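Heads up, the thing below is written out as structure tokens.
Keep in mind that what you see is a predicted model, and the values were worked out from it rather than measured. Heavy-atom basis, side chains included; hydrogens, waters and symmetry copies ignored.
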Amino acid sequence: MQTRHNESHMKKFLCLFLIFAILLPIFASCREADKGWDPFDPTDPSDASQGESFSGTEEGFQTESESLTESESLTETESEPAPEVPKSAAIGERVIYLFEGDTYTLHFEVDHESGNSEVVWHASTDAVRVDGGVVTALHEGYSIVSAGSESSCIFRILAKNMPTISVHTDGVAITSKETYVPCLVSLESTYDAFCFEKEIAGIRLRGNSTLGANKKPYRIKFESKQNLLGMNEGEKFKSWVLLAERMDDSMIHNSTALSLASMILTEYTSDWRYVNLYLNGSYQGVYLLAEQSQIAEGRVDIEEAGKDSSALLSGYLYEMDRRSTEAAFRIEASKLKFTDMFQHIHNCKDLVFNIKNDGLLPSQTSFASKYFQNVFKIVYAATYEDTYYTFDENYNLIPMENGTAERAISAVIDVDSLVRKYIHSEFICNSDDHQLSYYTHVDLSPQGSGLFTFSCPWDYDYAFSDSQTKIYHNPSAYFAARRTVWYVMIMKHEWFRELVHAYWNELYENYGGFTAAFEMMGKITETYATEFKRDASMWGRSKVQREQAEIMKIWVVRRLDWLQAHFGTGEFY
């Protein structure tokens, strides 16, 4: 019996041993797995692609992929959303004049790749409000409107109540173009920030042909720099001018010509405002307040040879003035043969020039004269002699290798500025462009462009109509291209005419056919009707301003249609 009992125990032991032997590797494997996987250990050698690992959460078990997805989702939920970047808008216009209360809808193109939200418009001052590209003028002054791109449009806002400038000389008469009479100047307007009293200044006569009229034009020079009525975007200067508008019964020749110039040119163009003028308490009529044509930061912004530098390679401002008795130099154009793009022969008078710099040294005057005349020779030779020159290091002429007319002219002239000024001159048919008040400049200093530049449009008493008969020029014919020497020469070149064609179409589209300029002509007449009547009564004007302004507007619209038919299509003949 005992033997059987022992045998039974031995069998049970063997069975347990076999079971333990079988289960031991399994337990060992489980223990290794328990201590081997760490989801937060970046050095874990396990390969997730061989099977799903598990982690415990309060919700139970989930796969690694499910856990990461939830983690990523949690991060997105808790973090701040990516900020929306506003779209930008490229604006076509450069300058627009408005009266208080008027609106203007900008021509602009939205850059849809610049952001993922709406266009955000910005105005530099509170003179305007902008909503979706629609600009509303709130008070006189100016504002620069932009929308996230490099382009912007300057809005210049006129007061509906004409401002008043009062000049007190203590009874001293103003009789000289050279000598300033000491005075105190006050300015009154509807916007208090522009008003001031008794600023110290000097006043003298100005002008040439207009100086012979009974209503005199003036130049004011303040003792310290002033800004007047927010003109030129708030820039401060000492010198300002008061144009009498005596030769123009429409009273809008200068303002319209300068408005168009500010649209067409990228170079400096005078701003303007209408004002009542009182001299020693006596009413003098309506004047156009404008800027002095001069070298200055914010005007013709170049280094001024003489005043700023004694170097020959500096900046010079030239004015064509056939009446000058002390001219710096002349070009003997009367000895040259000129034909225009129609092969018509032109006999030109000599061209007389002044250099408008202050403090020029004799050596600088001599150099500036030589430089200008050599630029003229380069253009003339390239146009009429098929001979191509360039400058050496001393700005003497030398032959250009492999020259062409376009290469020779473009090497010395800012051709784009000539395109712009030609379009403006042809638009307004300015008689004086041929001999008077015609400005160009160059800056040969290290910071300058080194190119002869056509700039500073000025003096439009005799634009649009004949200076003697006052009869308007033919709106359906070339004027500047047959009259002004620079344009007579340059318009013979097809490559230049192609530039005119391209830039004209850009302007016409960007400004919607220049409608803003035409509307301003009518608004000036309507808004300032009472002031114009008072001026006419005082100075004995025989023609009614409203009627003359309407005649001019009709002419300008016809002129625009003709230019569009030729410049717009490229059919110049």
Side-chain angles (χ1 to χ4, degrees), residues 267-268 293-295 300 302-336 338 348-385 387-398 400 405 408-418 421-422 425 432-445 448-458 484-490:
E267 292 70 31
Y268 162 73
S293 300
Q294 64 180 145
I295 298 174
V300 182
I302 61 175
E303 180 180 276
E304 185 168 8
K307 183 177 180 181
D308 297 337
S309 172
S310 60
L312 297 182
L313 300 185
S314 187
Y316 302 91
L317 177 63
Y318 303 93
E319 180 191 17
M320 188 185 296
D321 186 0
R322 70 164 183 259
R323 289 172 296 211
S324 176
T325 58
E326 299 179 357
F329 64 96
R330 68 174 55 227
I331 292 175
E332 295 181 331
S334 60
K335 297 180 180 179
L336 301 174
F338 296 87
C348 297
K349 298 178 181 178
D350 287 353
L351 307 177
V352 182
F353 295 90
N354 286 320
I355 305 174
K356 305 300 288 184
N357 296 48
D358 290 333
L360 278 177
L361 300 173
S363 59
Q364 291 177 314
T365 300
S366 177
F367 172 80
S369 302
K370 180 187 80 169
Y371 168 81
F372 189 109
Q373 294 185 72
N374 281 345
V375 169
F376 189 90
K377 289 176 183 177
I378 288 173
V379 178
Y380 185 88
T383 303
Y384 297 111
E385 298 173 351
T387 304
Y388 310 112
Y389 294 108
T390 187
F391 287 130
D392 66 10
E393 65 276 10
N394 296 315
Y395 287 85
N396 297 311
L397 295 182
I398 58 174
M400 172 181 275
I409 294 171
S410 299
V412 297
I413 283 181
D414 184 336
V415 173
D416 289 338
S417 74
L418 183 51
K421 203 163 185 183
Y422 167 67
S425 294
D432 281 352
D433 273 358
H434 185 52
Q435 296 286 334
L436 296 167
S437 302
Y438 191 84
Y439 289 88
T440 51
H441 75 260
V442 69
D443 190 350
L444 299 171
S445 70
S449 71
L451 294 174
F452 189 79
T453 303
F454 291 75
S455 61
C456 200
W458 184 246
T484 305
V485 171
W486 287 111
Y487 307 144
V488 169
M489 291 192 292
I490 199 67

Find the distance between NE2 (His441) and CD (Glu267) and round it off to the nearest 0.5 Å. 7.0 Å
Sequence neighbours excluded, which residues qualify as side-chain contact (heavy atoms from CB on, under 4.5 Å) partners of Gln373? Phe329, Ile331, Ser369
Under a 3.5 Å distance rule, please check whether Ser309 uses its side chain to pair with a backbone N or O of Ala311 as donor and acceptor. yes
Under the side-chain contact (heavy atoms from CB on, under 4.5 Å) test, residues paired with Leu444 that sit two or more places apart: Leu313, Phe367, Tyr371, Tyr395, Val442
In a check of ring-ring contact (aromatic ring centres under 6.0 Å, His included) between Trp486 and each of Phe376, Phe338, Tyr380, which one passes? Phe376
Looking at every non-hydrogen atom in both residues, tell me the closest pair between Asp433 and Ser425 and how far apart they are. OD2-OG, 2.5 Å
Among residues two or more places apart or on two chains, list those pairs meeting salt bridge (Lys or Arg N to Asp or Glu O under 4.0 Å) that have a residue in residues 366-385. none
Taking only residues two or more places apart in sequence or in another chain, which ones pass salt bridge (Lys or Arg N to Asp or Glu O under 4.0 Å) with Glu303? none
Not counting sequence neighbours, which residues clear side-chain hydrogen bond (donor to acceptor under 3.5 Å, both in side chains) with Tyr422? List them please. Glu426
From Asp414 atom CG to Leu451 atom CG, the distance as rounded to the nearest 0.5 Å: 5.5 Å
Side-chain contact, heavy-atom cut-off 4.5 Å: Asp432 with Trp458? no
Would you say the ring centers of Phe452 and Phe454 fall short of 6.0 Å from each other? yes
With heavy-atom distances below 4.5 Å as the criterion, would you say the side chains of Tyr389 and Asn374 are in contact? no
Of all residues at least two apart in sequence or in a different chain, which pass the side-chain contact (heavy atoms from CB on, under 4.5 Å) check with Ala405? Ala382, Tyr388, His493, Trp495
Applying ring-ring contact (aromatic ring centres under 6.0 Å, His included), name anything that partners Tyr318, two or more places apart in sequence or on another chain. Phe372
Flag the pair Arg322 / Leu436 as yes when at least one side-chain heavy-atom distance between them is below 4.5 Å, and no otherwise. yes
Calculate, to the nearest 0.5 Å, the distance between atoms CG and OG belonging to Asp308 and Ser314 respectively. 6.5 Å
Residue set satisfying side-chain hydrogen bond (donor to acceptor under 3.5 Å, both in side chains) with Tyr438, at least two apart, ordered chain then number -> Tyr487
Do Asp392 side-chain atoms and Asn396 backbone N/O form a donor-acceptor pair below 3.5 Å? yes
I'd like to know whether Lys307 forms a side chain to side chain contact (heavy atoms under 4.5 Å, CB included) with Leu360, so could you lay out the CA-CA distance, the side-chain angles of the two residues, the decisive distance to 0.1 Å, and finally the verdict. CA-CA 7 Å; Lys307 183 177 180 181; Leu360 278 177; over 6 Å; no
Give the minimum heavy-atom separation between Ala408 and Ile378, together with the two atoms involved. O-CG2, 3.7 Å
Mind checking side-chain contact (heavy atoms from CB on, under 4.5 Å) for Thr390 and listing every partner two or more places apart, or none if nothing turns up? Ile398, Met400
What's the verdict on side chain to side chain contact (heavy atoms under 4.5 Å, CB included) for Cys348 and Leu336, showing C-alpha distance, side-chain angles and the deciding distance? CA-CA 8 Å; Cys348 297; Leu336 301 174; over 6 Å; no
Rounded to the nearest 0.5 Å, how far does CD1 of Ile490 lie from CD1 of Ile409? 4.0 Å
Which residues share a side-chain hydrogen bond (donor to acceptor under 3.5 Å, both in side chains) with Thr484, sequence neighbours left out: none
Nearest 0.5 Å, please: how far is CD1 in Ile295 from CD1 in Ile355? 10.0 Å
As an exercise, state the distance from OH of Tyr268 to CD1 of Ile302, rounded to the nearest 0.5 Å. 13.0 Å
Taking Asp443's backbone N and O only, do any of them form a donor-acceptor pair with Ser445's side chain (distance below 3.5 Å, no angle check)? no
Could you list the residues that satisfy side-chain hydrogen bond (donor to acceptor under 3.5 Å, both in side chains) with Ser417, not counting sequence neighbours? none
Which pairs count as side-chain hydrogen bond (donor to acceptor under 3.5 Å, both in side chains) when at least one residue sits in residues 349-367, sequence neighbours excluded? Glu319-Lys356, Ser324-Asn354, Ser334-Asp350
